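All figures in this text were calculated on a predicted structure; none of them were measured in a lab. Here is the naming used below: chain letters follow the sequence lines, and residue numbers restart at 1 for every chain.
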Amino acid sequence: MSGNARYNGKESFDDWQKEWEIEDRYNFKSIEHKWQKIWEDEKVYKVEIDKSKEKFYALVEFPYPSGAGLHVGHPRSYTALDVISRKKRMQGYNVLYPMGFDAFGLPAENYAIKTGVHPAVSTRENIANFTRQLKSIGFSFDWDRSFATCDPEYYKWTQWMFIQFYKHGLAYKDKMAINWCPSCKVGLANEEVVNGCCERCGAEVVRKDKEQWMLAITKYADRLIDDLKEVDFIDRVRSTQINWIGRSEGAELEFDLTDNSGADLGKKMVVYTTRPDTTFGVTYCVMAPEHKFVAELMEKFENADEVQKYIEEAAKKSELQRTSDTTKTGVELKGIKAKNPYTGSLVPVFISDYVLTGYGTGAIMAVPAHDQRDYDFAKVFNLPIIQVLAGGDISEKAWEEDGLHINSGFMNGMDKKEAMAAAIKYAEDNGFGHAKVNFKLRDWVFSRQRYWGEPIPMVYCEHCGWQPIPEDQLPLKLPEVPDYRPNDNGDSPLANATDWVNTTCPKCGGHARRETDVMPNWAGSSWYFLRYCDPHNDKEFASKEALDYWMNVDWYNGGMEHTTLHLLYSRFWHKFLYDCGYVPQSEPYHKRTSHGMILAANGEKMSKSRGNVVNPDDIVNNYGADTFRLYEMFIGPFDQVAMWSEESLNGVYRFVAKVYSLFKKVYKTEPSENDLRAMHKCILEVTERIDQMKFNTAVSSLMTYVNYMSDLPKVPAELYAVLLKLLSPFTPHLAEEMWARMGYNTFIVAESWPKGDAKLAEDNVVTLGVQLNGKMRGTITIAKNADNKVAEEAALKLDNVVRQLNGKPVKKIIVVPNRIVNIVA
RNA sequence: GCGGGUGUGGUGAAAUUGGUAGACACGCCAGACUUAGGAUCUGGUGCCGCAAGGUUUAAGAGUUCGAGUCUCUUCACCCGCACCA
């Protein structure tokens, strides 16, 4: 311990307790204001690169600064990593724990449409409010590193990165059917569609053909799965990402299309299958209604009218209708057949909307005996079902388990592995197919037909095509527009800013038009953690030195809802920067954890419409930031949902107030053996439990320790000092205040974390349970690590044991040292 | 359908990973005290029973000297994904 000027030389604290005029009442308001001001004035949490220390980069997802202000859910994550950051600092790490704002997005724009207030203005106000709220809770953020993604100095680099994507061919413009939210009037990425609805407003998503900027995330699909091995993500995050990327291994096979007589039509229909080995069971093929061969061969179909009608109906269906109704519909393409390249047999070809145009090749070979969807379709159209895998009964449903191959020519008798290899080899040898890996993941639709986002730094020239704007002209700032409303055609409000739109081509100098779509709000958040490393750099997005020192993020906590959005996007984005040599590692985050949501007391989600939102300001005002923080940690297991309870909160308040008043009993006395045992137990438990994110039980340990001290007539100063240190990550204001009152003139946040001694924490007597035939019959208290004989004898002497034994002979006695004695009779 | 998870008192939850189930809190009950304070303090509190005792971790079976924990079966709930061939 250091700097204990007042404390030194005093036998008790009585004298100077008078000086401090200890108030009976725990006045959290004055304590918290006082320390928040001191921390801010003295920049206690400012960090710089310090190569003499090991760094620790803790990160929480930065909030969208909504007009509603902070939600009580936000501080759950922020407090957790604040606790970890503060502990790491005390353990000697150089800790970077930053905070900023993900400030582009629709609510600010919708607010502008309603009120006419420029999004930049309302966003700035909201950021000020969020900052005030965050500061009132006493987080140890380095505020000097704060920024918002809508700052031009920041989005300059977002735009610059987009240009790098473009230069490497990973940003491209494509016309395709995308998900369109008719309510937000904006195109959405696949990840933003939940159950066929817009994740933001819930409106049903429709398909719309639009020219869109795309980012080729699918090029990284393999690495996004494989590199999960290198990082320490909790299982549910890992498996959700793997599932979303959806890698499947199979083969692409060519089926020649013929007329009814078997004459070749010169079209090779490529199908994708994960089971090329079941090809002898193919009894028909299906193409998606949008498949290009359908239009190209229309005149060959005897039932062209019927086919045309089906295509039109399928196009009208929304994604939701198409996927929710799983009864099979379709139309046979009469007049054509597909030739099975393995067997040479001709099978009918259908179109059906159960085959998706965007996955695989948009065409399948159907094996109804071994695929339930194909089976259902075959039943509707009365098609033959040929079993090629032994073992199942296909009279009621498809046999989707494995079995040895039958009716399969050269594959007969083979198991799945063998037959797969044989089928692919046969296809390769005969030049009609090859192994192929497919993904569910689609490229990232990157254009948004809105205003409040980063302008896409591209211009279109009649002669030169799309051109990135020169990098020295970045940032390309958002222009002022008179009207923020998007229109139904799908044009961005920027399209109305004609002065801005019309520009010159950077290549030929001729007339050109700017891209008027903006980037999605996921753009700015894809690399913000890099900017924290060097936030004021105007030459680079961050210096190599800063990135080398701080990256990667050691511990990142955030919501599960971002697993297939922000978390996936930013990993992809970072890998691209890595491939370009701009960042030192290929994975941005080492450890990823996730917190559970906080629900209202009745288990419902907190929402304005339900009127059950708890405002953090009220809690800070009524109970204090320290109680609020501690309660958020005590509320329940960190990774599970928790329900807000004002009563529990009050219990935590009582504990905090108890710590305050306990100070009156603190004296400079030597701790007893028992005192030290309680202290070291607490140190060990709290240390371990913080690391494991078992915050609720870490708080329990602290409570047990305080209960122990409460029973003492005089609390030794050493015990109280250790309590303050252990408590300081949770309740930093109170810890700092009492630390000062003890006479230390240092910041407790700069003190070292106490070291627990397992030897001193050990009990010297233990109470063992005594069982008779596995049933608890009593307990014995004996010396720790006593000989088994001692335990046996004590156990056999127990009244209850004697009575229950009733003279029966003892067969054997099992003694687990310091745990239990079990007498078997 | 696939993937992940959860199930323990009136409530939120613990349980050293196979060894005294219910720590720590909330609530409740009884009492004390008071400069009526967000009071505080003391004792009690899984269930049945006056007690001895019995019984108890969603239900059932199994392994074991011993199971909340391991295995199997069943049920319930939550969260993702979903006609991805």
Side-chain angles (χ1 to χ4, degrees), chain A residues 24-26 194-195 234-240 242-244 246-248 250 271-275 278 286 322-328 352-356 358-367 370-374 376-377 400 438-442 560-561 563-564 596-597 622-623 631 634-637 639-643 645-655 657-658 661 685 688 694 696-704 707 710 766-780 800 803-804 811-825:
Chain A
D24 270 315
R25 214 177 140 164
Y26 163 46
V194 179
N195 289 328
I234 53 172
D235 279 347
R236 52 191 180 136
V237 169
R238 186 191 306 265
S239 58
T240 302
I242 290 172
N243 201 30
W244 181 262
R247 176 157 61 193
S248 77
V271 303
Y272 175 70
T273 176
T274 52
R275 293 302 297 269
T278 61
V286 188
R322 200 166 152 163
T323 55
S324 60
D325 184 7
T326 54
T327 53
K328 298 289 179 285
S352 171
D353 62 7
Y354 89 90
V355 173
L356 307 174
Y359 182 76
T361 59
I364 62 156
M365 58 176 223
V367 185
H370 305 293
D371 182 291
Q372 191 57 42
R373 295 155 303 177
D374 296 349
D376 294 341
F377 189 89
E400 294 185 320
N438 257 331
F439 298 94
K440 291 187 202 173
L441 186 71
R442 310 294 158 84
M560 276 306 291
E561 70 275 17
T563 304
T564 54
M597 262 202 303
N622 297 334
Y623 295 88
Y631 174 62
F634 189 58
I635 193 168
D639 57 350
Q640 281 167 42
V641 294
M643 276 175 275
S645 158
E646 198 88 6
E647 285 167 338
S648 280
L649 177 68
N650 202 43
V652 172
Y653 175 85
R654 286 206 281 261
F655 168 75
K658 200 172 180 180
S661 52
E685 285 179 2
E688 184 182 302
K694 291 177 162 185
N696 53 331
T697 57
V699 177
S700 305
S701 300
L702 289 162
M703 287 173 166
T704 306
N707 287 345
S710 299
V766 284
T767 303
L768 315 198
V770 176
Q771 297 181 332
L772 183 59
N773 293 327
K775 284 200 172 187
M776 280 300 303
R777 294 298 176 189
T779 56
I780 53 169
N800 206 12
R803 194 178 329 124
Q804 297 284 341
K811 285 188 197 143
K812 68 174 170 178
I813 302 180
I814 292 151
V815 180
V816 181
N818 305 323
R819 293 275 149 100
I820 206 160
V821 180
N822 191 11
I823 300 162
V824 186

Which residues share a side chain to side chain contact (heavy atoms under 4.5 Å, CB included) with A:V824, sequence neighbours left out:
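A:V824 satisfies side chain to side chain contact (heavy atoms under 4.5 Å, CB included) with A:N773, A:K812, A:I814 only.
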Short side-chain N/O contact to [N] OP1/OP2 from [X], under 4.0 Å:
X: A:R803; N: B:rA52; value: no
X: A:T240; N: B:rG3; value: no
X: A:N438; N: B:rA85; value: no
X: A:K440; N: B:rC2; value: no
X: A:N800; N: B:rG53; value: yes

Distance between [atom1] atoms of [N] and [M] (Å, rounded):
N: B:rU6; M: B:rA61; atom1: C1'; value: 22 Å
N: B:rG49; M: B:rU40; atom1: C1'; value: 35 Å
N: B:rU20; M: B:rG3; atom1: P; value: 35 Å
N: B:rC75; M: B:rC28; atom1: C1'; value: 33 Å
N: B:rC70; M: B:rU64; atom1: C1'; value: 10 Å
N: B:rG4; M: B:rU56; atom1: P; value: 33 Å
N: B:rU55; M: B:rG68; atom1: P; value: 14 Å

Would you mind pulling out the nucleotide paired to [N], Watson-Crick or G-U wobble, both distances under 3.5 Å?
N: B:rU45; answer: B:rG27
N: B:rA76; answer: B:rU6
N: B:rA82; answer: none
N: B:rA32; answer: B:rU40
N: B:rA67; answer: none
N: B:rA52; answer: none

Determine, answering yes or no, if A:Y359 is stacked on B:rA85 under the 5.5 Å centre rule and the 30° plane rule.
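Stacking between A:Y359 and B:rA85: absent.
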With the side chain of [X] defined as its heavy atoms from C-beta on, choose the nearest nucleotide among [options].
X: A:N707; options: B:rU40, B:rC24, B:rG38; answer: B:rC24
X: A:S700; options: B:rC24, B:rC83, B:rA85; answer: B:rC24
X: A:R236; options: B:rG4, B:rG38, B:rA85; answer: B:rG4

Would you call the rings of A:Y354 and A:F377 parallel, tilted or perpendicular, taking 30° and 60° as the class edges?
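It falls in the tilted class, 30° to 60°.
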First encountered from the 5' end of RNA chain B, between A:G362 and A:K775:
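Whichever sits nearer the 5' end wins; that is A:K775.
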When the nearest nucleotide of RNA chain B is assigned to A:T273 and to A:P637 on a heavy-atom basis, which residue is associated with the more 5' position?
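Nearer the 5' end of the strand: A:P637.
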Indicate, yes or no, whether a donor-acceptor pair under 3.5 Å links the base of B:rC83 to the side chain of A:K328.
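Check passes, donor-acceptor contact within cut-off.
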